[in-house]
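Notes follow the structure.
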Amino acid sequence: MSEHLLFTLLDIAGTFVFALSGAVAAKQRNLDLFGIVTIAFTVACGGGLIRDLCIGVTPPASLSSWPYLMVSAIAALVVIGAYRLVVRLKQPVLFFDALGLGLFAAAGAHKALLHVHSAEVAILLGMITGVGGGVMRDVLLNRVPLILQKEIYASAALLGATFEVVGELQNWSTQWVPWVAIGLCYGLRYLALQYHWNLPTFATAGDDVTPPSE
Amino acid sequence: MSEHLLFTLLDIAGTFVFALSGAVAAKQRNLDLFGIVTIAFTVACGGGLIRDLCIGVTPPASLSSWPYLMVSAIAALVVIGAYRLVVRLKQPVLFFDALGLGLFAAAGAHKALLHVHSAEVAILLGMITGVGGGVMRDVLLNRVPLILQKEIYASAALLGATFEVVGELQNWSTQWVPWVAIGLCYGLRYLALQYHWNLPTFATAGDDVTPPSE
Amino acid sequence: MSEHLLFTLLDIAGTFVFALSGAVAAKQRNLDLFGIVTIAFTVACGGGLIRDLCIGVTPPASLSSWPYLMVSAIAALVVIGAYRLVVRLKQPVLFFDALGLGLFAAAGAHKALLHVHSAEVAILLGMITGVGGGVMRDVLLNRVPLILQKEIYASAALLGATFEVVGELQNWSTQWVPWVAIGLCYGLRYLALQYHWNLPTFATAGDDVTPPSE
C-alpha cells in the first residue's frame, strides 16, 4: 500500500473514532442535531484544522474533502441511532479517544513534517492534531479541557508524534513506523486509563482546588 | 451597481447589525467600554476572520479595512447611548442577528468561492462566516454557544450559503441571487423564531439535561 | 545592538514573564504538570500565534523556535519549584503581566508592520499580540476574559502599539522608540493597577450584573 494511501486511511479512521467520541459528549449535554454533528466534526477536524492553518495549507483539508464531513455526520447518526449500544461498550468515549489520538498524532506529525521540514514543529503539530479537537470540544461545551487537569493524554500524543518524526527522519520503513507510533500512543494512554496514572499536580495551601467556575 | 460594490455594501450592513447584537449582549453582561467594543467587533468580524484565514487571505479583511472597526465602534456607541430605545424594539438581538446572518452567509460564500473554487468549501465557509462571530461571542462570554443547543440558526445560514453558491455556479444573475439567498436565510430564521421551530434533541434517561456547568 | 537582535531579546523576555503569569494562574487552578506548561506556553505564545497567522507567517514563530517552548517550560518549572517565593512578590501575576504586555505590544506591532505595511493592521495586531495569550488562558480556564470586564489593560497595549507604529513610520530612532512604547504601556497599566482606574461600564436596571454563568 502506498504511503499516501496509508495516511489517508489513518486519517479517515481517526476522524470516525474522534467524531464518535464528540457525538457522545454532545448528546450527553443534550445538544440538538446540528450541535451533535458540529461537535462531532469539531473533535474530528479541529486539530487538523489548526495544524493546516499553522503550516499554511489553505483551505484546510478538513473543509475541502467531503469524506471528513460525511464521516463525522455518519458517526453522529450512529450515536443518535444506537446510543444504548454505543454506551454499553465500557467507557466508549475514553477508548475511542485513545485510538483516535494515536492515529491523529502520527498522521498529523507526518503531514506537518512533509510541509515544514522542522522536527520541532512536526512534533508539536502532531500533538496538536491529536488533542486540538478535544480542546475545542471542551471550550465549546464550556468546561476546562480535561487534558489540562490530570490525565496522561497529550503526553501520549507527544510520544506518538515524536516516534513518528524520529522514524521518518531516520528513514525507517513506513511499513511499521506509523503503526509503532500509534501503538505507543494508544498503549501509554490505555495503561494510564487502566492504572489511573496521572501527571503530578502541585497544590499549595490556599490554592483554588475546587472545580473552576466563573 | 457593480457586483463588487454590492457585496461590499452587504458586508458593511451585516457588520453593523451583528455589531449591534454583540454590543447588546456585552452590555447586558456589564462589560466595560472596551469589552463592549471588542464583543461588537468580534461578533461582526469573527466569522469573516476565520473564513479569511481558511482561504489564505492575510491579513484578514476585517483587520485591514478601517470601515469594519469603525462600524463596530459606532454600533457599540449606539447601544451605549440609546440602549433603552434599542431594547424597546422587540427582541432586537434576535432580529438583528437574523438579518446579519443572511447578509454574511451570502457574502461569505461569495468570497470563499472566488478564492477557493470549491462548492463545498464555499458553502461551509459561508455558514461559518455567518455563525462564527456569534460562537466566538458565546465562548468569550463563557456559555455554550446557543446555536448548538436548540435553535434553527446555522441551518438558515447553510441554506443561504448553499443557494448563493448554486446560483453562482449556475451563472444566475447577480442582480437577484444574493437577495434570494439572504431572503431564504432570513425567512427560515424568522419563521423558526416566530413559531418556535427547533431541531430535534435526543435525550436519553441518564443524560445531563440540566444546563451544562463545569 | 542591531534592531533585529533587540526585538528578539524583547520577545524572549516577554515570553518569560507571560509564561510566569500563566503558570501561576494554572497552578492556582490545580492543573497538572502538562496543564501548567501548556497554559504558560499559551499565555506566552498565543498572541504571537494569532498575529503570525493573520500576517501569513507559517509556521508561526512560536512553534518553530525552540527558545519559546524552552522559556515557557523553564518559567513553569520556576513557578512549581519556587511558588512561595514567586507569590511573596506582591501581586506577581499582575506586574509580570504589565511588563510582558508592553514588550509584546511593541514587538508585535513591529513584526506586523514589517510584514503587512498597514498602520492599522500593525496597531491592532500589536495589541492582539499583547492580550491574545491572556484571552486564550481565560477561555481555557473557563472564565470571561478579565480584560473585557473592567481593567485598563488592552488600552495600555493599544497605546504602546500605536506609539511603536507611529515612531517607525516617522523613522524615529529605534534606539528609543521601542523603549518608550514599552514604558507607555507599562506605565499606564501600572497606574491603572495602583489607582484602580477602570474603563466605564454602563449598567442599566434589569441587566445581568451578577458574575456571568451558563
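Small disclaimer: the values here were computed from a predicted structure and weren't measured. We name chains A, B, ... by the order of the sequence lines, and we start the count at 1 in each one. All heavy atoms count here, side chains included; hydrogens, waters and symmetry mates do not.
The shortest side-chain heavy-atom distance between B:Val116 and A:Ser64 does not fall under the 4.5 Å cut-off. Taking the side chain as every heavy atom from C-beta outward, B:Cys54 and A:Thr58 never approach each other to under 4.5 Å. B:Val144 has its side chain out of reach of A:Leu140: every pair of non-hydrogen atoms, C-beta onward, lies at least 4.5 Å apart. The shortest side-chain heavy-atom distance between B:Ile147 and A:Thr38 does not fall under the 4.5 Å cut-off.
Smallest separation of non-hydrogen atoms from A:Phe34 and B:Leu148: CE2-CD2, 4.2 Å. Contact detail for B:Glu120 and A:Trp66: the closest heavy-atom pair is OE1-N, 3.2 Å.
In terms of non-hydrogen atom pairs under 4.5 Å with chain A, the most contact-rich of B:Ser118, B:Ser155, B:Pro145, B:Ala112 is B:Pro145.
Interatomic distance, CG of A:Leu63 versus CG of B:Leu125, reported as 5.5 Å (0.5 Å rounding). Residue B:Ile152 holds its CD1 atom at 8.5 Å from CG of A:Asp32, rounded to the nearest 0.5 Å.
With a threshold of 4.5 angstrom between heavy atoms, B:Leu158 does not approach chain A through any atom at all. Contact annotation for A:Leu33: both backbone and side-chain heavy atoms come within less than 4.5 Å of a heavy atom of chain B. Interface residue B:Met127: only side-chain heavy atoms are found under 4.5 Å from chain A. Only the backbone of B:Ile55 comes within contact range of chain A, judged by heavy atoms closer than 4.5 Å.
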Could you check A:Leu69 against B:Leu124 for side-chain contact (heavy atoms from CB on, under 4.5 Å), going step by step and ending with a plain yes or no?
-> CA-CA 10 Å; A:Leu69 189 52; B:Leu124 278 179; 4.0 Å; yes
